[in-house]
Number of protein chains: 2
Amino acid sequence: MIDYNNPAVRYYQQVSDECIHYLSIDGVIFGFHQNQLNVLLLRWKGTNEWSLPGGFIKKKESVDEAAQRVMQERTGLDKLYLQQFHVFGEATRYDQEETWRKTTIPLQHIKWSERTISLGYYALVEHSKVVPSPDFLTDECRWWPLNEIPSLLFDHNHIIDVAIQSLRKQLTDQPISHLLPETFTIPELQRLHETILGYPLDARNFYKKVMASGTLERLSERRAGTPHKAPYLYRFAGTGHDAVG
Amino acid sequence: MIDYNNPAVRYYQQVSDECIHYLSIDGVIFGFHQNQLNVLLLRWKGTNEWSLPGGFIKKKESVDEAAQRVMQERTGLDKLYLQQFHVFGEATRYDQEETWRKTTIPLQHIKWSERTISLGYYALVEHSKVVPSPDFLTDECRWWPLNEIPSLLFDHNHIIDVAIQSLRKQLTDQPISHLLPETFTIPELQRLHETILGYPLDARNFYKKVMASGTLERLSERRAGTPHKAPYLYRFAGTGHDAVG
DNA sequence: TACCTTTACGTCAAAAGTACGTAAAGATTT
DNA sequence: AAATCTTTACGTACTTTTGACGTAAAGGTA
């Protein structure tokens, strides 16, 4: 007695046919706004429960393509900078019964696997360019500042933690450009680094370091409308983005 | 008309029931012997074709446990130092028809997925402690020096390449202990690092560096039977191994 | 005994990282 | 208009790390 009027049931029916079972993608989409790291979250239909965007891998699709597709749908952006950062493969990752109850998904109507292995990807996007849109299991899609994120469904709080650790590790290797607009000032770049690392940096030394990296190109314009001395605008000279997708 | 006398058919039948489809584990088991990195490979039954050890994830088992199990069976060792290093998730990773022909697996008798996503793990083991044993699709299991590895089945040459790159990256963070016996000399540790990195290191500077790391503990004994000045033996003071499993 | 190789240290200079100084730009206050 | 304040865009000086190279002692071989 399967209730095909329920959109969740229809969704899982389709996924069950088209996609790979036991395996999913969870996406931590990072944005930077008002000196805060933000993560894009979804509120499940008719509930007050939030989760990361995610999805399943089609049988004839690479996992990178699947991640790209899932994140694209939530952000409205293409060619996202994606990084695969961890596989969450515990046999029991969270309380399944509790989770399905919270989502109000009628589990008994769904023929789906008992456990899911999740491939964790993070995306670095330009906050202002994103047009958040929910999928059809969710009512709302919006940015959450990292330090205000509520208790999420599944093990998604944990996944975000691991994503941030990976992001910090990446930052020590190379300056991160993908979270800022095309042009930005050095102080703005510094705020971004400080926010990701979680501690303040010395402006003089930061300036020296990013200059020495050779990846920045100074434009002739300055940022207008600042209350103080107008800072120069810069652009990343490194042409190619080097992530997947 | 399924040939249940064929062991491969029986194996895949069992895997099909017990394990997760579309998903596999490939293990790059590194050993260090005679100043060379070695990788454990398997020769498929009745062929001259070699591949990495691998396996599938049981439906109620974590992926780390599965990796531990698969590698354990080939090496005879437990509590292996394992590191998950990449997910190989291309829609087409290799020429399937060619591969199945080479393995002489009767594909037409097997109900298995059209593509496989592979979780790449590497293991660092003490070469002398390993007792290589083939699984029942293979006739032979033995060490291959890294620079003599033949053209392998599937995309396993590529997987080994990626594993080595990850291993090199890890080495820059922390000295690697798991490939050496409990006690070793500084020059032996240096040879290991040189082999992984692929270039020679200055003995004086290497000595200083590992001493400064504070992770080594000098024993009172020296290595006997060397043609020259007997070097001291050392042990890693860092008690806890920090990998999965 | 002379000689050679290897170990187990040491020295010194270059490079990278860290603390902090300061003049100029632009707004705000007196 | 002048003084003040904050911020930028540099610079200087010191410290730590890294890298090139020196060398005496240990143990074998010619």
Side-chain angles (χ1 to χ4, degrees), chain A residues 32 34-35 168-177 180-181 183-237, chain B residues 32 34-35 168-177 180-181 183-237:
Chain A
F32 183 64
Q34 290 176 342
N35 289 344
R168 285 198 182 130
K169 206 162 205 173
Q170 194 195 323
L171 194 64
T172 60
D173 294 347
Q174 36 173 321
I176 283 175
S177 56
L180 290 176
T183 65
F184 52 87
T185 69
I186 301 287
E188 282 162 12
L189 184 62
Q190 185 185 337
R191 300 293 159 263
L192 171 61
H193 280 233
E194 286 174 337
T195 304
I196 294 175
L197 293 172
Y199 52 84
L201 300 168
D202 182 276
R204 285 78 56 99
N205 294 334
F206 184 80
Y207 175 85
K208 255 194 305 186
K209 188 175 172 179
V210 295
M211 285 302 153
S213 81
T215 53
L216 290 188
E217 186 187 339
R218 187 161 93 177
L219 309 180
S220 47
E221 314 135 69
R222 290 155 181 265
R223 165 81 71 223
T226 53
H228 302 290
K229 177 174 175 177
Y232 281 105
L233 287 172
Y234 288 79
R235 177 184 14 224
F236 271 100
Chain B
F32 184 63
Q34 291 177 340
N35 288 343
R168 286 198 182 132
K169 205 164 205 171
Q170 193 195 322
L171 194 64
T172 61
D173 293 348
Q174 36 174 323
I176 283 176
S177 57
L180 291 176
T183 65
F184 51 87
T185 69
I186 301 287
E188 283 163 11
L189 184 61
Q190 187 185 335
R191 300 294 159 260
L192 171 61
H193 279 234
E194 286 175 335
T195 304
I196 294 174
L197 293 172
Y199 52 84
L201 299 169
D202 182 275
R204 286 79 55 102
N205 292 335
F206 184 80
Y207 175 84
K208 255 195 306 186
K209 190 175 172 178
V210 294
M211 284 305 154
S213 81
T215 54
L216 290 189
E217 185 188 339
R218 187 161 92 178
L219 309 181
S220 46
E221 314 135 69
R222 292 156 179 264
R223 165 82 71 224
T226 53
H228 301 290
K229 177 173 176 178
Y232 282 105
L233 286 172
Y234 289 80
R235 180 184 12 225
F236 271 99

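Below, chain A is the first sequence line, B the second, and so on; all start at residue 1.
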Could you list all the ring-ring contact (aromatic ring centres under 6.0 Å, His included) pairs where at least one residue sits in residues 189-225 of chain A, not counting sequence neighbours?
A/His193-A/Phe206

Under a 4.0 Å heavy-atom cutoff, the residues of residues 194-209 of chain B touching DNA chain C are B/Arg204, B/Tyr207, B/Lys208

Taking A/Glu188 first and then A/Arg191, would you say they form a salt bridge - that is, a charged N and a carboxylate O separated by under 4.0 Å?
no

Strictly under 4.0 angstrom, non-hydrogen atoms only: write out the protein contact profile of nucleotides 25-30 of chain D, one letter per nucleotide from the 5' end, B, S or -.
BBBS--

If every non-hydrogen atom of B/Ile176 is compared with every non-hydrogen atom of B/Gln170, which pair is closest and at what distance?
CG1-NE2, 4.1 Å

A/Glu217 side chain to A/Arg235 backbone, donor-acceptor under 3.5 Å
no

State, with a plain yes or no, whether a side-chain heavy atom of B/Ser177 is found less than 4.5 Å away from one of B/Phe184.
no

Non-hydrogen atoms of B/Tyr234 and B/Ile186 that approach each other most closely:
CE1-CG1, 3.3 Å

Just the endpoints, please: which first and last nucleotides of DNA chain C, 5' to 3', lie under 4.0 Å from a heavy atom of chain B?
C/dT5 to C/dT11

What does B/Arg218 touch in the nucleic acid at a heavy-atom separation under 4.0 angstrom: a base, only the sugar-phosphate, or nothing?
sugar-phosphate

Which atom names give the shortest non-hydrogen contact between A/Leu189 and A/Val210, and what distance separates them?
CD2-CG1, 4.0 Å

Who pairs with B/Arg204 by salt bridge (charged side-chain N to carboxylate O under 4.0 Å, His left out), at least two apart in sequence or on another chain?
B/Asp202

Any sub-3.5 Å donor-acceptor pair from A/Arg223's side-chain atoms to A/Leu233's backbone N or O?
no

Sorted by chain and residue number, the side chain to side chain contact (heavy atoms under 4.5 Å, CB included) partners of B/Gln34 (sequence neighbours excluded) come out as none

